[in-house]
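In what follows, a single structure is set out as structure tokens and then discussed.
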Amino acid sequence: MSKPTSHVSFTEVSLQGKTLTPEQLAFFNDNGYLILPGFLNEQEVEAIASLRDSAVARATEKGGSFFDGTTHYDMEKLKSDPTGKTLGLRKIQGVFQAESTYRDIFSQARVLDVIEDLIGPNIYYHSSKLMCKPGDGGRRKPWHQDFAYWSTMNPKQVTMWVAIDAATLENGCIQVIPGSHKRGLIEHSHLEDFQIDEGGIGQEKIVYAEMKPGDALIFSVLTLHASDPNLSPNSRLGAIIDYDCEPVSAENNQYGSTTPLRGGVAQVQ
Ligand SMILES: O=C(O)CCC(=O)C(=O)O
């Protein structure tokens, strides 16, 4: 595996949180990730799942993937339909901007209290995706750190990844390398995807984040993560949102939004 490319380092969180226990905070400091079982309730999970159905219905009417002015609704033909006509959701990129259901769930106090424990009292929305790995061959995501995509920002940022369908070994749950957030930013290149050199992965300890619907995985923007192809017949829908602690100047904002959710001040774009 490549060596770190910069001196970017992880900022340890205080062990006195509003919501998370000192044990959970210490686990996050040590491992760079944390799983919160049953974090979203059944109604919230169903409300997010229904965004997939409405996106597929709109795309079917429009004849495929579409852009609504702010948000990309990215579709693919389902392999399970031999006629190749049935569309399935691949991704809604920027789902937070377009869908009030998503916005309400991920900016409610119960969620922001947890994020505050990890990144402090100023919380900005950065980016979001409703990500579907369809059954029977949904593709893998190679090993990467999210910070590589937006390395001009503060590395205190965190991602929340909530299972909407069950996430399992067979359908390509997220995998993380515990402690990898302490390595700084590792070199990424455009190979199969934007990713690290995977040569050393065989020697790493890998944790497979198998999760039930509603369980949340939170990880540092420096934590190495990946997911395997979906070899099961079941889809794997995940709700993703990235939270930032500091607005980035327009010139350094390579990617993402600077919408304040708690504390903070709106940044002129
Ligand atoms: O949901 C997945 O399988 C991968 C998502 C991911 O790694 C990312 O968006 O950075």
Side-chain angles (χ1 to χ4, degrees), residues 31-35 39-40 45 48-49 51-52 55 71-76 88-97 102 106 125-151 153 155 157-178 180-181 185-186 188-196 198 201 204 206-232 234-244 254-257:
N31 295 286
Y33 77 96
L34 183 66
I35 294 180
F39 186 60
L40 292 192
V45 168
I48 295 175
L51 298 177
R52 162 173 50 193
T71 300
H72 288 275
Y73 291 77
D74 191 3
M75 302 289 150
E76 60 192 4
L89 177 69
R90 195 176 100 70
K91 177 159 76 168
I92 308 179
Q93 178 86 43
V95 54
F96 183 95
Q97 288 99 297
Y102 206 90
F106 287 108
Y125 159 66
H126 177 263
S127 49
S128 60
K129 278 179 279 205
L130 185 63
M131 187 89 184
C132 189
K133 208 189 269 277
D136 299 319
R139 64 187 96 148
R140 80 182 279 257
K141 179 80 181 166
W143 286 96
H144 66 286
Q145 296 164 306
D146 287 343
F147 193 60
Y149 286 89
W150 44 76
S151 56
M153 302 185 67
Q157 208 175 354
V158 289
T159 294
M160 178 178 277
W161 196 107
V162 180
I164 303 302
D165 295 328
T168 64
L169 278 181
E170 296 74 27
N171 72 9
C173 65
I174 296 283
Q175 306 165 27
V176 295
I177 297 180
S180 54
H181 62 308
L185 179 61
I186 292 167
H188 285 59
S189 1
H190 293 277
L191 301 168
E192 178 187 338
D193 202 330
F194 192 49
Q195 62 177 91
I196 60 161
E198 295 186 330
I201 286 296
E204 299 282 355
I206 293 174
V207 170
Y208 291 81
E210 290 198 281
M211 295 194 286
K212 296 198 178 76
D215 294 354
L217 163 71
I218 306 175
F219 54 91
S220 156
V221 77
L222 287 167
T223 301
L224 280 166
H225 62 287
S227 64
D228 281 340
N230 185 348
L231 301 178
S232 82
N234 309 313
S235 72
R236 193 228 60 184
L237 189 66
I240 306 176
I241 176 156
D242 302 294
Y243 295 99
D244 192 16
Q254 304 159 325
Y255 183 113
S257 166

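Both ligands and their constituent atoms are indexed starting at 1 by order of listing.
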Do you see a donor-acceptor pair shorter than 3.5 Å between the side chains of Glu204 and Trp143?
no
Short N or O contacts of ligand 1 with protein, under 3.5 Å, listed by atom name?
from     : atom 1 : to     : atom 2 : distance (Å)
ligand 1 : 1 (O)  : Trp161 : NE1    : 3.1
ligand 1 : 1 (O)  : Arg236 : NH2    : 2.9
ligand 1 : 3 (O)  : Ser227 : OG     : 2.7
ligand 1 : 3 (O)  : Arg236 : NH1    : 2.8
ligand 1 : 3 (O)  : Arg236 : NH2    : 3.3
ligand 1 : 7 (O)  : His144 : NE2    : 3.2
ligand 1 : 7 (O)  : His225 : NE2    : 3.1
ligand 1 : 9 (O)  : Lys129 : NZ     : 2.6
ligand 1 : 10 (O) : His144 : NE2    : 2.9
ligand 1 : 10 (O) : Asp146 : OD1    : 2.9
ligand 1 : 10 (O) : His225 : NE2    : 3.3

Are Ile92 and Tyr102 close enough that some pair of their side-chain heavy atoms sits under 4.5 Å apart?
no
His225 and ring-ring contact (aromatic ring centres under 6.0 Å, His included): which partner among Phe147, Trp161, Tyr33, Phe219?
Phe219
If the threshold is 4.0 Å, N to carboxylate O, is there a salt bridge linking Arg139 and Glu76?
yes
When Ser127 is tested against each of Asp242, Ile240, Ile241 for side chain to side chain contact (heavy atoms under 4.5 Å, CB included), which residue passes?
Asp242
I'd like to check Leu217 versus Met211 (side-chain heavy atoms, cut-off strictly below 4.5 Å). Are they in contact?
yes
